[in-house]
Each structure stands twice: as C-alpha cells, then as structure tokens.
Amino acid sequence: MSEFQILCVTMHQNDFSKIKEMNVHSDIVYANQCDKTSYEEIEFEGHRAKMISTQTRGVGINRNLVLTYADSDICLMADDDVCYKDDAEERILKEFKEHPDADVIIFHFDSNDPHRKPPKYNETKKWPKFATTPWGAVRIAFRLEKIRKANVWFTTLFGGGCLFPSGEDSMWIKGLRKAGLTFYVSRETIGTVSYETSTWFTGYDEKYFYGVGACFTAINPRTTFFKYMYMALRTRDKGKLSVSQKLHWMNQGKKGYNEMLSFEDFKDKYKK
C-alpha cells in the first residue's frame with residue numbers, strides 16, 4: 001500500500017493525458033465514464049496510475065468506484081478540472097503527520113472564477129462538530145481506513161449525471177460527520193480549480209434551485225423551510241430569479257424528490 005493517492009472522476013478519456021493536464025506527481029486512480037469497459041495501468045515518475053473505464057453515468061457511482069479501487073493510506077478526492085501544485089502531495093502528507101487525530105482534512109484551492117471563491121482558512125484547526133461544511137469533494141483528503149470503517153458511500157441520486165443535479169458532496173460529508181470522524185480545515189493551498197465548464201451548473205436558474213430543494217429534503221425534510229429562506233436570501237443578488245421564485249423552485253424540488261422526478265420530467269409532468 002502506498003502512502004498517498006488521488007481519486008479522480010473523469011469522462012471520455014482515451015489515454016492518461018490528464019496526468020499532465022492536472023500536474024499530477026502522485027499515484028492516481030481514474031474512474032472514466034465512457035462507452036467502453038476496460039482497466040489500464042501505467043507507471044510514471046515512479047508512481048502508478050489506474051484507469052477504470054465503464055459505461056456507467058453519474059458522479060456518485062464513479063466516486064464510489066475510485067473508492068473501491070483505492071489502496072493508499074491517505075487519499076484525495078478529485079475532479080479532472082483541477083491543476084495541482086508541484087508539491088501538493090508533500091503539503092497534504094505534512095498536515096496529516098502534524099495532526100494525527102485528523103480523519104479528514106479540507107484543503108484550499110485557488111479559483112479561476114472571481115465570483116466562485118472557495119473559503120480560505122488562515123490556520124489549520126479542528127472543525128467544530130456542528131459547524132457548517134461549505135466544501136466540495138475536491139478539497140477533501142482522508143485516511144482511507146477510517147472511511148472504509150465508517151462504511152459511508154456517495155449517493156447515486158445526486159450529482160452530475162444523476163437524477164438530481166448536485167448535493168452528493170454534502171450528503172457524503174454529513175454521513176462522515178454522523179459516523180464520528182474528526183475533521184480539520186487546512187491553511188494549505190494545493191492547486192487551482194477551473195469553473196469554466198460544468199456538467200451540472202448552468203447558473204442560479206430554475207434547475208439549480210429545484211436541485212437545492214431536492215437536496216435539502218433528502219438531508220433533513222424537517223428543516224427545509226428555514227434552509228430555503230436562507231438560501232433564497234443568500235443568493236438574492238445572483239441570477240435573474242426573484243427571492244419568491246427561488247423559494248417556489250426549491251419547494252418544487254421538494255415535491256420532485258418525493259416523486260423521484262428529474263427537473264425535466266417534473267416540468268413535463270406539471271407543465272401548464
């Protein structure tokens with residue numbers, strides 16, 4: 001078992017060129033959503049890269065796939081639109097060595113979009129148990145043994161390519177927190193993330209708030225009203241929808257989740 005490994009979901013890859021694009025200098029596992037089924041493995045710079053290609057669709061299924069193939073002490077979740085610093089592995093391993101009680105550490109990425117800046121922490125510290133968790137999966141590094149003992153997997157209903165467009169990261173994190181894992185946030189920046197393209201985010205539109213409503217309902221249906229109001233007010237200056245329209249589409253998302261309807265199917269069923 002190696003010490004460190006990146007676990008990346010990707011699509012329609014025919015080779016290992018993503019290694020160079022992402023500036024990877026570590027072991028890495030790719031779950032490649034494409035039109036074939038195959039397994040490939042190469043060595044580079046003294047490291048090992050695996051490519052598991054399947055015809056499955058959905059980010060949750062493929063995050064679970066890379067977790068299944070992972071075999072390193074410390075792992076880092078990844079998307080293929082990130083570019084790592086040359087010493088990303090060293091920065092990550094140093095933080096885990098300095099904080100031996102950490103099961104999960106959240107790292108920082110710079111962003112190429114001035115309107116979508118991931119939160120940055122000035123110091124590495126333990127994250128309170130009941131504090132908010134505003135993180136995407138690409139920021140999350142963890143001790144593989146702890147994740148497997150917790151037996152927490154990604155939902156296959158939420159995320160790019162799934163029935164509902166987003167929320168799989170939040171649900172996974174909530175599951176890990178519920179399992180009692182210890183979280184830290186790190187002051188270390190390990191790369192840059194691109195927001196130029198997205199398989200699910202088309203702006204703060206009807207589909208986005210429909211997905212938010214479905215996600216909040218799945219996580220905790222008893223507190224959805226307060227979460228809907230907070231979300232509508234927090235995004236009041238984003239997108240063309242009014243606060244009341246955002247609330248409407250989040251409520252529609254709640255209804256759609258209860259009926260297991262995608263945004264497109266929901267609109268088709270309830271069109272005027």
Side-chain angles (χ1 to χ4, degrees), residues 4 6-11 13 17-26 28 30-31 59-60 62-63 66 74-95 104-125 127 131-142 154 158-161 165-174 183-205 207-209 211-212 215 230-241 246:
F4 177 75
I6 296 169
L7 308 179
C8 182
V9 293
T10 187
M11 296 182 70
Q13 299 303 308
S17 57
K18 278 292 179 182
I19 291 174
K20 184 175 182 180
E21 289 180 30
M22 296 170 63
N23 195 36
V24 172
H25 302 286
S26 310
I28 186 165
Y30 288 103
V59 67
N62 284 276
R63 289 214 193 280
V66 289
I74 306 296
C75 294
L76 173 70
M77 281 297 178
D79 290 335
D80 65 2
D81 57 358
V82 302
C83 184
Y84 294 107
K85 290 182 175 293
D86 291 342
D87 61 346
E89 177 176 336
E90 287 76 14
R91 291 175 184 233
I92 292 167
L93 291 178
K94 181 174 180 289
E95 287 286 68
V104 178
I105 301 181
I106 310 301
F107 290 88
H108 181 256
F109 277 86
D110 291 324
S111 168
N112 67 351
D113 185 341
H115 302 293
R116 298 179 69 184
K117 292 289 187 182
K120 167 76 173 172
Y121 303 103
N122 295 323
E123 61 177 328
T124 299
K125 59 184 179 180
W127 197 244
T132 58
T133 54
W135 315 306
V138 298
R139 301 182 63 179
I140 302 173
F142 52 86
F154 283 85
F158 290 80
S166 63
E168 77 286 356
D169 298 351
S170 298
M171 293 180 184
W172 189 61
I173 291 169
K174 182 180 180 181
F183 278 66
Y184 273 73
V185 292
S186 172
R187 63 185 180 85
E188 293 288 346
T189 299
I190 59 173
T192 302
V193 61
S194 171
Y195 290 113
E196 292 178 359
T197 60
S198 173
T199 59
W200 69 270
F201 185 75
T202 55
Y204 294 94
D205 53 14
K207 183 176 182 178
Y208 173 79
F209 288 100
V212 169
C215 178
Y230 169 77
M231 189 67 180
L233 293 173
R234 187 171 72 85
T235 61
R236 60 185 176 274
D237 297 325
K238 296 181 178 181
K240 297 179 180 180
L241 299 179
K246 292 172 182 178

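None of these values were measured; they are calculated from a predicted model.
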For the side chain of [X] and the backbone of [Y], is there at least one donor-acceptor N/O pair under 3.5 Å apart?
{"X": "Asn62", "Y": "Val9", "result": "no"}
{"X": "Arg236", "Y": "Leu233", "result": "yes"}
{"X": "Arg91", "Y": "Ile190", "result": "no"}
{"X": "Glu89", "Y": "Asp87", "result": "no"}

Between [atom1] of [X] and [atom2] of [Y], what distance do you get to the nearest 0.5 Å?
{"X": "Glu95", "Y": "Glu90", "atom1": "CD", "atom2": "CD", "answer": "13.0 Å"}
{"X": "Leu93", "Y": "Phe4", "atom1": "CG", "atom2": "CZ", "answer": "6.5 Å"}
{"X": "Lys246", "Y": "Asp205", "atom1": "NZ", "atom2": "CG", "answer": "10.5 Å"}
{"X": "Asp86", "Y": "Asn23", "atom1": "CG", "atom2": "CG", "answer": "5.0 Å"}
{"X": "Ile28", "Y": "Cys75", "atom1": "CD1", "atom2": "SG", "answer": "11.0 Å"}

With Arg187, which residues qualify under side-chain contact (heavy atoms from CB on, under 4.5 Å), at least two apart?
Thr124

Applying side-chain contact (heavy atoms from CB on, under 4.5 Å) to Val138 and not counting sequence neighbours gives Asp79, Val82, Phe109

In sequence, state the C-alpha distance, the side-chain angles, and the governing distance for Arg63 and Asp169, and then conclude on side-chain contact (heavy atoms from CB on, under 4.5 Å).
CA-CA 10 Å; Arg63 289 214 193 280; Asp169 298 351; 4.1 Å; yes

So [Y] and [X], do their side chains get closer than 4.5 Å, heavy atoms only?
{"X": "Val193", "Y": "Asp81", "value": "yes"}
{"X": "Met22", "Y": "Cys8", "value": "yes"}
{"X": "Ile106", "Y": "Ile140", "value": "yes"}
{"X": "Val59", "Y": "Phe154", "value": "no"}
{"X": "Tyr84", "Y": "Val24", "value": "yes"}
{"X": "Val185", "Y": "Ile105", "value": "no"}
{"X": "Lys238", "Y": "Tyr208", "value": "no"}
{"X": "Tyr204", "Y": "Lys240", "value": "no"}

Return the orientation label for the Trp135 and Phe183 ring planes: parallel under 30°, perpendicular over 60°, tilted otherwise.
parallel

Can you see which heavy atom on [X] is nearest to which on [Y], and at what distance?
{"X": "Ser166", "Y": "Cys215", "result": "O-CB, 4.1 Å"}
{"X": "His108", "Y": "Asp110", "result": "CE1-OD1, 3.4 Å"}
{"X": "Thr235", "Y": "Met231", "result": "OG1-O, 2.8 Å"}
{"X": "Met77", "Y": "Ala137", "result": "CB-O, 3.1 Å"}

Going by ring pair (Phe, Tyr, Trp, His ring centres under 6.0 Å), name the residues that satisfy it together with [X], two or more places apart in sequence or in a different chain.
{"X": "Tyr121", "answer": "Trp127"}
{"X": "Tyr30", "answer": "none"}
{"X": "Tyr184", "answer": "His99"}

Do you see a donor-acceptor pair shorter than 3.5 Å between the side chains of Lys125 and Ser186?
no

For Lys18, give me all partners under salt bridge (Lys or Arg N to Asp or Glu O under 4.0 Å), at least two apart in sequence or on another chain.
Glu21, Asp80

